[in-house]
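Report on one structure; see the data block that follows.
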2 protein chains.
Amino acid sequence: MATIYDVAALAGVSPATVSRVFNGITVSAERSERVRAAAERLSFIPNRTARTLRKQSSEVIALIIPDIENPFFTALARGVEDVAQASGYSVVLCNTDEDAEKEARYLDVVVSENMAGIILAAASDLVNLTDLTRRGRPVVAVDRSLPEVDTVTVDNVAGGRDATRALVEQGFQRIACITGPTGRTTAEGRADGWREVLMTMSAAHVDPDRYLRYADFRVEGGHAAMVDLLNLPEPPDAVFVANNLMAVGALRALIEHDLTPPLVGMASFGDLPFATLSPRGVTVIPLPARLLGEAAAQLLIERLQGDDRPRQAIRLGNPA
Amino acid sequence: MATIYDVAALAGVSPATVSRVFNGITVSAERSERVRAAAERLSFIPNRTARTLRKQSSEVIALIIPDIENPFFTALARGVEDVAQASGYSVVLCNTDEDAEKEARYLDVVVSENMAGIILAAASDLVNLTDLTRRGRPVVAVDRSLPEVDTVTVDNVAGGRDATRALVEQGFQRIACITGPTGRTTAEGRADGWREVLMTMSAAHVDPDRYLRYADFRVEGGHAAMVDLLNLPEPPDAVFVANNLMAVGALRALIEHDLTPPLVGMASFGDLPFATLSPRGVTVIPLPARLLGEAAAQLLIERLQGDDRPRQAIRLGNPA
DNA sequence: AGCCTAAATGAAATCGATTTCAGGGTCAAG
DNA sequence: CTTGACCCTGAAATCGATTTCATTTAGGCT
């Protein structure tokens, strides 16, 4: 309720002086003290809306993610939050549910609330960021890269290779792959790594894509794809699953068919969330979610502080 | 970049008229059309900051939760989001990490950004909501009840009873309980239900609290508590765990000791997240997270629309 | 003592919307 | 033909901070 005008009146100074006190601009010790006392008495909380309107930018950064129920993204969010908090920014989390329309709506909100910047794991490769960039709002794409803007990702192809090689070394022959939606860069990259390894195997006289399934990065999708693979005349003896949730689904399918790993081999890109199974049997390619978030926030904050290097494309190593 | 003044100039009308067009106030069809065309050409996005400043309230509701990495709270968040979106509100998610100080900081942000209202799963029972309520911002406490404000919870005592009874019916004798931090209402309620059942059992000639452990609602806490219980001279033969994450930790401990349920009985308050284990062995008391979120959002929105009934305390039934 | 520089302060403009108030136009009833 | 009622419309005030610009004050140096 109390405004800087009230505080100013009570302290016997001008509103400008009150503003200066709260922004660390030199004010005589004696006045400064009077202002603080007055603010305290009125339990004054500065109105950020007015501040944002005048400064044309808030201290809030938006983090837009496609699935808030996926522990990968919440871990990433924790990373963003930690770094942002340390620099005095608040983070607001927006969940698009992999829906391009919801995403577009949130992007409008970002512009229209004058948020400082945005970290985006895009639901659609076709996001329109012109409203943002035209207004000079920095954008960092995380996990899923986007053209034109800074990007923080992992090496999906290498991860796919590592996972598949691990299965090969465990002696599996017919290695399937369950990946994400077609056209999604993370999904394609991981499948590419898998295919690459299989093609270079001497024994690969069959078309690997027979064992390739595109699903939706969700538990049910992984489950359905695994069931489908198990119903083949010659089912695979191992599977590389391209994300954590689909791995959960696939694992459930295997358990239902009494094929608990390592009866059938499994490798997952990203840790299995809250796994209670003993880790024997499932090979996990670590996906440093929190680090991704931290790096993205770091980069965004540098941009907010005026860094104008050319476009950065950071690729985090998989700490194999 | 474009403001209503630019749009007004291009359309040859006053800024007031532009505002009216975007707020559904009657404007002649012909002018309205000119305004829309102009806005389109300038790709005008209304500045919500200015709007909020003038209206003294934004269309954003804050959801403050203690642990964004707990699937229970993300499911709850989904419920809030769905209902809020449908009424035209955006949701911003704030993670307090069970830290009262972070929580207080976010509450200040809520005030200072003129957010419309707030849904709170409080980290501390001692939250100070006077700044909010004095300014007439509605507050709904969810999952964890608070005095003075509207509240949406489940019946914790009944849940604890049901879980414990289920273990009794499965023939277990020495039933332990791992609950949350002392003083947290949800933790105490669930433990009370457990104790109640044990006290009424004829065979309960021993003090049940010998088998009671207070942990932190997190995976590691559940694990440590379970290990501790297993190291007792006469370890329990079953355990009721008061939340999903601690259940994961306890389950891991049991598996490590080759006591996978049902070798040792287990009941969990709330679904095990992403369980890959076959459900045999672990009794689950369902916790309707999403429904909690929906109900809380529903109630908050009614308050925002002027509902002034006395304080509501909604208790969702456990769909046993 | 006098002059110059630098620091501290306040008045007023500004950010971009909403909303009150008053004026002007249209139409129907008397 | 006049009067009133009602609907559109625009001018201007308003929300609460920040910031420019001009002015005052203090202090240092010769």
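So you know, we letter chains A, B, ... as the sequences are listed, proteins then strands, and number each from 1. Since this is a predicted model, take the numbers as computed values, not measurements.
Protein chain A contacts DNA chain C over a range whose 5' and 3' limits, counting nucleotides with an atom under 4.0 angstrom from a non-hydrogen atom, are C/dA8 to C/dG16.
For B/Arg34, the side chain to side chain donor-acceptor pair (under 3.5 Å) criterion is met by B/Glu30, not counting sequence neighbours. Not counting sequence neighbours, A/Arg31 has no partner by the side chain to side chain donor-acceptor pair (under 3.5 Å) test. Residues passing the side-chain contact (heavy atoms from CB on, under 4.5 Å) test with A/Asn95, sequence neighbours excluded: A/Ile68, B/Arg78, B/Glu81. In this structure, the side-chain contact (heavy atoms from CB on, under 4.5 Å) partners of A/Asp99, at least two apart in sequence or on a different chain, are A/Glu101, A/Lys102. In terms of the side chain to side chain donor-acceptor pair (under 3.5 Å) criterion, residue partners of B/Glu302 (sequence neighbours excluded) are, by chain and number, B/Arg309.
No engagement by B/Thr52 is indicated, since no non-hydrogen atom pair under 4.0 Å with the nucleic acid exists.
Five base pairs at each end of the helix from C/dA1-D/dT30 to C/dG30-D/dC1 define two local axes, and these are offset by 40° (rounded to 10°).
Screening B/Leu63, B/Ile64, B/Val110 for a side-chain contact (heavy atoms from CB on, under 4.5 Å) involving B/Leu120 leaves a single residue, B/Ile64.
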Could you go through residues 36-48 of chain A and list every donor-acceptor pair under 3.5 Å that involves a side-chain atom there, pairing it with any protein atom two or more places apart or in another chain?
from: A/Asn47; atom 1: OD1; to: A/Thr49; atom 2: N; distance (Å): 2.8
from: A/Asn47; atom 1: OD1; to: A/Ala50; atom 2: N; distance (Å): 3.1
from: A/Arg48; atom 1: NE; to: B/Ser112; atom 2: OG; distance (Å): 3.1

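Under a 4.0 Å N-O distance rule, the pair A/Arg218/A/Asp67 does not qualify as a salt bridge. A salt bridge does not link A/Arg137 with A/Glu113: every distance from a Lys NZ or Arg NE/NH1/NH2 to an Asp or Glu carboxylate oxygen is 4.0 Å or more.
Taking a 4.0 Å limit (strictly below) on heavy-atom distances, residues 29-49 of chain A reaches DNA chain C at A/Arg31. Remark: B/Ala16, B/Ser19, B/Arg20, B/Asn23 in residues 10-25 of chain B come within less than 4.0 Å of DNA chain C through at least one heavy atom.
Put simply, CG on A/Leu291 and CG on A/Leu316 are 5.5 Å apart, with the number rounded to the nearest 0.5 Å.
The salt bridge (charged side-chain N to carboxylate O under 4.0 Å, His left out) analysis of residues 7-18 of chain A, with sequence neighbours excluded, yields no pairs. Judged as a ring-ring contact (aromatic ring centres under 6.0 Å, His included), not a single pair has a partner in residues 89-133 of chain A (not counting sequence neighbours).
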